[in-house]
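Everything numeric here is computed off the predicted structure, so don't read it as measured data. Every heavy atom of this structure was used, including side-chain atoms; hydrogens, water molecules and symmetry mates were not.
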Amino acid sequence: MIDYDNLIKELGLELGAELKFNDEDMCELAVGESTVLSIERRPDAGTLLMTSVVADALPDPVDYALFLDLLDFSLGGAINGTPAIGRDAESGLLVAHQTVTARSLRDASFADVVKDFLRFREVMERKLNGSN
């Protein structure tokens, strides 16, 4: 069982900010000048969902190595809960996402999971913008 309020409070202490979930079970925080991290509390599923926009669209043309990376990351997210990239069908935005479970929080602190997610997001943003 995840203690959502305590996790978000501890993350806030780690980041030096007061964080809490709103009435829609969302907590959004600005990271740097242009990154927004959304954390959704999902008590019915017993999980948290982290999302952050990575790019406005796929590069055209899509590099084969990038395509393979996106497929590899997608499968990792399904198998072991690592971050992945998806495309919002309505907006076309590319979004990094990760589902956090109670099991994943046994292996690392939530702050560490968030930091790893943000590093993944940053690397993928560079790859998608062609600046590896």
Are Val100 and Val31 connected in a single hydrophobic cluster, I mean Ile/Leu/Val/Met/Phe/Trp/Tyr linked by side-chain heavy atoms less than 4.5 Å apart? yes
Going by an N to O cut-off under 4.0 Å, is there a salt bridge joining Lys9 and Glu18? no
Please answer: with hydrophobic residues joined when any side-chain heavy atoms are less than 4.5 Å apart, are Leu19 and Met26 in the same cluster? no
Which atom of Met50 lies closest to which atom of Leu37, heavy atoms considered: CB-CD1, 4.1 Å
Rounded to the nearest 0.5 Å, the CZ atom of Arg103 sits from the CZ atom of Arg106 at a distance of 6.0 Å
I'd like to know whether CG of Asp116 has more than 12 heavy-atom contacts from other residues, nucleotides or ligands below 6.0 angstrom. yes
I'd like to know if Lys127 and Asp63 make a salt bridge, using a cut-off of under 4.0 Å between side-chain N and carboxylate O. no
Do you know the tightest heavy-atom contact between Gln98 and Gly81? NE2-O, 3.0 Å
Can Met124 be reached from Val95 by stepping across I, L, V, M, F, W or Y side chains whose heavy atoms are under 4.5 Å apart? no
Reported NZ-to-CG distance for the pair Lys20 and Asp5, which is rounded to 0.5 angstrom: 10.5 Å
Phe120 and Ala84: which non-hydrogen atoms are nearest, and at how many Å? CE2-O, 3.7 Å
If Ile, Leu, Val, Met, Phe, Trp and Tyr residues are connected whenever their side-chain heavy atoms lie under 4.5 Å apart, and connections chain through other members, are Leu49 and Leu118 in the same group? no
Quick check for you: to the nearest 0.5 Å, what is the distance between Leu29 atom CG and Ile8 atom CD1? 7.5 Å
Within-4.5 Å side-chain heavy-atom neighbours: Leu71 and Leu75: no
Euclidean distance, Ser109 OG relative to Lys115 NZ, rounded to 0.5 Å: 7.0 Å
Has the side chain of Ser104 got a donor or acceptor atom that lies under 3.5 Å from a matching backbone atom of Thr101? yes
Distance in Å, Thr51 OG1 paired with Leu93 CG, rounded so as to fall on 0.5 Å steps: 11.0 Å
Hydrophobic cluster membership, Val114 vs Phe21, 4.5 Å side-chain cutoff: yes
My understanding is that only one of Leu7, Asp3, Asp112 makes a side chain to side chain contact (heavy atoms under 4.5 Å, CB included) with Leu105; could you say which? Leu7
Indicate whether any N or O donor in one side chain lies under 3.5 Å from an N or O acceptor in the other, for Asn129 and Glu125. no
Closest non-hydrogen contact found for Val36 with Ser52 is O-OG, 2.8 Å
Is Leu66 close to Pro59 at the side-chain level, that is, under 4.5 Å between some pair of heavy atoms? yes
With no hydrogens and no angle check, is any side-chain donor or acceptor of Tyr4 less than 3.5 Å from a backbone partner on Glu40? no
Do any N or O atoms from the side chain of Arg121 and from the backbone of Thr35 form a donor-acceptor pair under 3.5 angstrom? no
Trace of the side chain to side chain contact (heavy atoms under 4.5 Å, CB included) decision for Phe117 with Val113: CA-CA 6 Å; Phe117 176 79; Val113 171; 5.5 Å; no
So, Glu28 side chain and Ile39 main chain: donor-acceptor pair closer than 3.5 Å or not? no
Spatial distance of atom CD1 (Ile2) from atom CZ (Phe110) [nearest 0.5 Å]: 8.5 Å
Minimum heavy-atom distance between Glu14 and Ala111, given as atom pair plus value: CG-CB, 3.7 Å
